[in-house]
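All remarks here apply to the structure that follows.
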Amino acid sequence: MPELPDVEMIRRYVQATALHQPIRGVEVLAPTMLEGITPSRLGRRLKGQSIEAAERYGKYVFVGLSNGWWLVFHFGMTGDLRYFKDLSHHPSYEPFLIHFSSGSHLVYVSRRKLGMIALIEEPLAFVKWKRLGPDAWESEFTATHLRQWCEGKLRSLKSALLDQHFIAGIGNLYADEILFQAHLHPQAHVGQLRTGTLENVQKTIKRVMKIAIDRRADPAHMPRSWLLPVRGPGGHCPACRHTLSRATISGRTTYFCSTCQRKTT
DNA sequence: ACATTGACCTGAGAGC
DNA sequence: TGCTCTCAGGTCAATG
């Protein structure tokens with residue numbers, strides 16, 4: 001679930017639920033998910049503080065604390081943040097919990113321990129350290145950036161879209177959606193696409209991100225013309241009704257319409 | 001430079 | 001019902 005639109009929902013959720021409450025303590029039930037800090041040290045840094053901000057970059061959420069430190073969350077394939085007034089409806093998988101003095105809780109839930117939790121001093125320095133490309137939804141991601149990055153490269157468009165060093169926030173599902181809407185084959189070579197085509201790709205990325213966020217990142221509520229609602233075995237192209245093709249590209253399962261999506265233009 | 005593979009984790013669903 | 005196998009939205013490192 002957690003690609004850019006989903007992570008944006010998580011950010012807004014934190015902002016709407018968990019701000020300005022003193023932290024009584026934290027609980028780390030999956031210490032291996034902490035990066036660069038021990039559970040006890042993390043507890044000391046957070047105790048008595050409050051959450052004052054929630055930012056996002058790519059697939060990361062940065063939770064700003066009253067002492068200036070930032071908690072960083074990456075959600076892997078299954079992670080989410082949930083806010084509970086009390087823990088009577090105990091979440092099942094909870095690597096990390098923040099307990100507020102009010103009695104409520106902000107809980108990182110995840111079935112698989114593929115995510116990451118860290119404590120950092122400066123989000124932008126973290127982004128630089130991770131060498132993340134521009135956020136797919138922010139204005140820094142321009143057609144010029146796309147063109148410069150693709151120039152002379154042999155790699156496939158699908159792998160480029162998934163590369164967080166190139167552009168941050170797109171995952172496997174939305175990469176397929178973007179390719180579908182741009183009418184481009186996932187194995188199109190980025191270096192062979194014309195300037196006008198690349199500009200269209202950039203516009204498509206922006207449009208897909210915007211609409212996905214407007215519709216709260218819920219695949220069931222995406223437009224009928226989109227791939228997402230039918231993406232899966234036996235799905236049919238919303239445009240031409242052909243059965244969708246399935247292939248492994250860049251190591252990831254890819255669904256596309258072999259009629260509507262072209263390798264060149 | 002790029003694609004591919006496996007590792008990291010664990011649940012869900014299919015097939016037997 | 002229960003077992004085994006395969007797959008899943010992410011990232012990273014090693015290999016060819």
Side-chain angles (χ1 to χ4, degrees), chain A residues 1-10 28-36 56-61 72-81 91-96 108-118 126-127 129-133 135-137 148-180 185-193 205 208-209 212-213 215-222 226-235 244 246-256 263:
Chain A
M1 208 215 277
E3 303 183 35
L4 192 155
D6 314 282
V7 177
E8 176 63 17
M9 289 306 117
I10 296 174
V28 180
L29 300 181
T32 55
M33 295 187 70
L34 294 189
E35 205 171 278
R56 181 195 57 75
Y57 193 107
K59 297 173 190 171
Y60 292 89
V61 165
V72 189
F73 294 100
H74 190 282
F75 301 98
M77 292 166 91
T78 56
D80 196 4
L81 287 172
S92 311
Y93 317 96
E94 31 178 29
F96 179 64
Y108 180 111
V109 295
S110 185
R111 289 181 180 162
R112 281 179 267 172
K113 297 172 184 167
L114 294 178
M116 185 279 300
I117 303 163
F126 177 86
V127 166
W129 175 65
K130 285 279 179 185
R131 297 184 307 146
L132 298 178
D135 184 90
W137 198 39
Q148 286 172 350
W149 220 83
C150 292
E151 201 171 355
K153 288 203 164 68
L154 287 171
R155 76 191 313 197
S156 71
L157 187 50
K158 168 107 185 191
S159 83
L161 291 176
L162 290 175
D163 186 346
Q164 304 298 301
H165 300 309
F166 160 54
I167 175 173
I170 298 171
N172 201 29
L173 292 190
Y174 284 99
D176 282 1
E177 186 64 52
I178 290 159
L179 290 163
F180 175 72
H185 194 284
Q187 282 174 315
H189 290 316
V190 293
Q192 292 178 344
L193 298 174
I205 291 170
V208 168
M209 290 297 114
I213 290 167
R215 304 208 175 192
R216 309 188 147 271
D218 184 345
H221 290 128
M222 294 307 160
W226 280 32
L227 176 72
L228 224 41
V230 294
R231 185 188 178 279
L244 296 175
R246 180 198 147 119
T248 300
I249 296 167
S250 196
R252 312 298 306 278
T253 299
T254 302
Y255 288 93
F256 62 100
K263 285 197 182 179

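Naming: A, B, ... by sequence-line order, numbering from 1 per chain. What you see is a predicted model, and the numbers here were worked out from it, not measured in a lab.
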Base, sugar-phosphate, or nothing: which does A/L154 touch, judged by heavy atoms less than 4.0 Å apart? sugar-phosphate

Quick check for you: among B/dC9, B/dA3, C/dA8, whose closest atom lies nearest to any side-chain atom of A/L114? B/dC9

Tell me whether the side-chain N/O atoms of A/H74 come closer than 4.0 Å to OP1 or OP2 in C/dG10. no

For A/I10 and C/dG10, what is the distance between atoms CD1 and C1' respectively, to the nearest whole Å? 13 Å

Centroid-centroid under 6.0 Å between A/Y60 and A/F126 rings: yes

Short side-chain N/O contact from A/K130 to OP1 or OP2 of C/dC12, under 4.0 Å: yes

Under a 3.5 Å cut-off for both distances, is C/dG9 Watson-Crick or wobble paired, and to whom? none

Describe the nucleic acid contact of A/F75 in one word from base, sugar-phosphate, nothing, applying a heavy-atom distance below 4.0 Å. nothing

Indicate whether OP1 or OP2 belonging to B/dA3 is found under 4.0 Å from a side-chain N or O atom of A/K158. no

Answer yes or no: is there an ion pair linking A/R155 with A/D163, defined by an N-O contact shorter than 4.0 Å? yes

If you check every side-chain atom of A/R111, which of B/dG11, C/dG9, C/dG10 has the closest atom? B/dG11

Nearest whole angstrom, please: distance from the C1' of C/dC12 to the OH of A/Y60. 10 Å

Partner nucleotide, any strand, of B/dC9 [Watson-Crick/G-U, under 3.5 Å]: none

Respond yes when some side-chain nitrogen or oxygen of A/T78 is under 4.0 Å from OP1 or OP2 of C/dG10, and no when none is. no

Select base, sugar-phosphate, or nothing to describe what A/S110 touches, counting heavy atoms under 4.0 Å on all strands. nothing

Picking from C/dG10, B/dC2, C/dG9, which would you name as closest to the side chain of A/R155? B/dC2

Checking contacts here: which listed nucleotide (C/dG10, C/dA8, B/dA12) is nearest the side-chain heavy atoms of A/R112? C/dA8

Rounded distance (Å) that lies between atom P of B/dC2 and atom CD of A/Q187: 15 Å

Where the side chain of A/R231 is concerned, which of C/dA8, C/dG9, C/dG10 is the nearest nucleotide? C/dG9

Spacing of A/L162 atom CG relative to C/dA8 atom C1', expressed in whole Å: 14 Å

With nearest nucleotides of DNA chain B determined for A/K113 and A/T248 from heavy-atom distances, which residue corresponds to the more 5′ nucleotide? A/T248

A/M116 CE to C/dC12 P, in whole Å, measures 9 Å

Ignoring hydrogens and geometry, is there a side-chain-to-backbone donor-acceptor pair from A/E3 to A/I170 under 3.5 Å? no

Does the side chain of A/T254 pick up a donor-acceptor pair with the side chain of A/K158 at under 3.5 Å? yes

Over all strands shown, is A/R246 touching base, sugar-phosphate only, or nothing at heavy-atom distances under 4.0 angstrom? sugar-phosphate

Centres of the A/F73 and A/Y108 rings: under 6.0 Å? yes

Can you check the distance between B/dC9 and C/dC3, where both ends of the measurement are the P atom (answer in whole Å)? 25 Å

Donor-acceptor contact below 3.5 Å, side chain A/S110 vs main chain A/R112: yes

Separation of B/dA3 P from A/I249 CD1 (nearest whole Å): 10 Å

Gap between atoms CH2 and P, on A/W129 and C/dC12 respectively (whole Å): 9 Å

